[in-house]
Amino acid sequence: ARKWARENNVDPPTKAQVSEVVKRRTTKQVLTKVPHTRGGHHASPGSGLYQHDLISMEAVQGSRNKGFLHIYAIISVWSRKIFARKLKTKNPDEVRDALQSIINGMPAAERPKDITGDDDGAFKGAFRQYLDGQGIGLRMTTDKEGKSVIDAAIYHLKRALYADMQQRNSTAWTEHLDRVVSGYNAK
């Protein structure tokens, strides 16, 4: 307000003047207190809320990785159980196939009903069509908080993969991905 006042050669409003304007407003949205929440994500058993993302492993190329450069990861917001599949590309068809493989291995009660992720091109086209056909909602977000569960899981998953590679003195991660994911889920 001060900057605007300087630019327009007027005196800035006082705190009392601003308070008076706010008191006279009838708009509920401005005057109503925001309901208190305990934070976190509002998921419950069977809610089907998931978050997903792609993990780049391009920095760890090696012949034993057989051309795989990415990981598709999806996590249940309620149980924090993560599922992952290795990918050669970020092509929506390949990402769709990875998700389909994950869903086919899940009990019906655990299947996603809503998936939140970023606005990556891999989550459009064939991927989006598959979700629509399955009746699964897709929410795109640019908000870090909107996918904090998957971001935290990816951090720990990558850390475990890199520790595993360092311990074996190898750049091969593809053959150990399932074991690392199982170890994460056992926590």
Side-chain angles (χ1 to χ4, degrees), residues 34-62 65 68-103 105-106 110-128 130-132 134 136-167 171-187:
V34 176
H36 177 71
T37 66
R38 291 175 293 168
H41 299 274
H42 305 285
S44 58
S47 66
L49 296 177
Y50 282 76
Q51 293 179 6
H52 71 164
D53 208 349
L54 295 171
I55 305 169
S56 174
M57 297 299 287
E58 292 176 284
V60 191
Q61 296 183 17
N65 291 326
F68 288 98
L69 300 172
H70 309 280
I71 300 170
Y72 173 71
I74 183 167
I75 190 168
S76 165
V77 174
W78 169 252
S79 71
R80 300 302 202 256
K81 184 175 182 182
I82 193 167
F83 303 87
R85 296 292 185 273
K86 55 192 175 192
L87 304 169
K88 289 187 175 184
T89 69
K90 292 176 153 195
N91 179 296
D93 293 313
E94 188 177 359
V95 179
R96 175 208 56 213
D97 293 347
L99 176 62
Q100 191 171 16
S101 140
I102 291 167
I103 289 175
M106 288 178 167
E110 291 180 26
R111 291 187 176 164
K113 295 180 182 131
D114 246 337
I115 300 174
T116 301
D118 54 24
D119 194 15
D120 195 297
F123 306 135
K124 297 180 179 172
F127 183 88
R128 181 68 185 243
Y130 171 72
L131 292 182
D132 290 345
Q134 297 295 309
I136 300 170
L138 180 62
R139 298 171 192 227
M140 303 290 202
T141 183
T142 56
D143 179 17
K144 278 281 190 199
E145 196 171 299
K147 44 186 227 91
S148 59
V149 176
I150 190 66
D151 287 344
I154 286 172
Y155 170 80
H156 292 291
L157 191 63
K158 277 185 93 169
R159 227 173 123 187
L161 275 172
Y162 278 96
D164 184 70
M165 288 185 289
Q166 187 175 18
Q167 183 179 4
T171 58
W173 58 269
T174 55
E175 55 207 48
H176 303 282
L177 178 62
D178 291 338
R179 182 177 52 76
V180 171
V181 167
S182 293
Y184 175 90
N185 288 333
K187 291 180 182 178

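Just so you know, these numbers use all the heavy atoms, side chains as well, and skip hydrogens, waters and symmetry mates. Predicted model, so just to flag it, every value in this text is computed and none were measured.
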Ile75 CD1 to Leu49 CG distance, which is reported to the nearest 0.5 Å: 12.5 Å

Under 3.5 Å: donor-acceptor pair, side chain of Ser101, backbone of Asp97: no

Residues Ile71, Ile154; criterion side-chain contact (heavy atoms from CB on, under 4.5 Å); working and verdict: CA-CA 10 Å; Ile71 300 170; Ile154 286 172; over 6 Å; no

Shortest non-hydrogen contact from Leu54 toward Ala122: CD1-CB, 3.6 Å

Given His52, Arg85, Lys90, the one that forms side-chain hydrogen bond (donor to acceptor under 3.5 Å, both in side chains) with Tyr72: His52

Gln51 side, atom CD; Arg139 side, atom CZ - distance, nearest 0.5 Å: 10.5 Å

Heavy atoms of other groups near Lys81 NZ, more than 12 under 6.0 Å: no

Spacing of Ile103 atom CD1 and Ile115 atom CD1 [to the nearest 0.5 Å]: 5.5 Å

Side-chain donor/acceptor of Glu94 to backbone N/O of Leu87, under 3.5 Å: no

Residues Thr89, Leu69; criterion side-chain contact (heavy atoms from CB on, under 4.5 Å); working and verdict: CA-CA 7 Å; Thr89 69; Leu69 300 172; over 6 Å; no

CZ on Phe123 to CG on Asp53, rounded to 0.5 Å: 5.5 Å

Where Gly137 and Asp114 come nearest, the two heavy atoms and their spacing: CA-OD1, 3.3 Å

Heavy-atom check, side chain of Tyr184 versus side chain of His156, under 4.5 Å: yes

Within-4.5 Å side-chain heavy-atom neighbours: Pro112 and Met106: yes

Salt bridge (Lys or Arg N to Asp or Glu O under 4.0 Å) partner of Asp164, the single match among Arg179, Arg159, Lys158: Arg179

Residue pair Ala172 / Met165: nearest heavy atoms and the distance that separates them: O-CG, 3.6 Å

Stepwise side-chain contact (heavy atoms from CB on, under 4.5 Å) test for Val95 and Asp120: CA-CA 11 Å; Val95 179; Asp120 195 297; over 6 Å; no

Crowding at CD, Glu58 (>12 non-hydrogen neighbours, <6.0 Å): yes

CD-CZ distance between Glu110 and Phe83, expressed to the nearest 0.5 angstrom: 6.0 Å

Ile102 versus Ala84, closest heavy-atom pair with distance: CD1-N, 4.3 Å

Ile74 vs Ile150 side-chain heavy atoms within contact, under 4.5 Å: no

Polar side-chain atom of Asp119 near backbone of Thr142 as donor-acceptor pair, under 3.5 Å: no

Nearest heavy atoms of Trp173 and His70, plus distance in Å: CH2-O, 3.7 Å

Minimal non-hydrogen separation, Thr171 against Val60, with atom names: O-CG1, 3.2 Å

Distance, nearest 0.5 Å, that separates CG of Asn65 from CG of Leu177: 10.5 Å

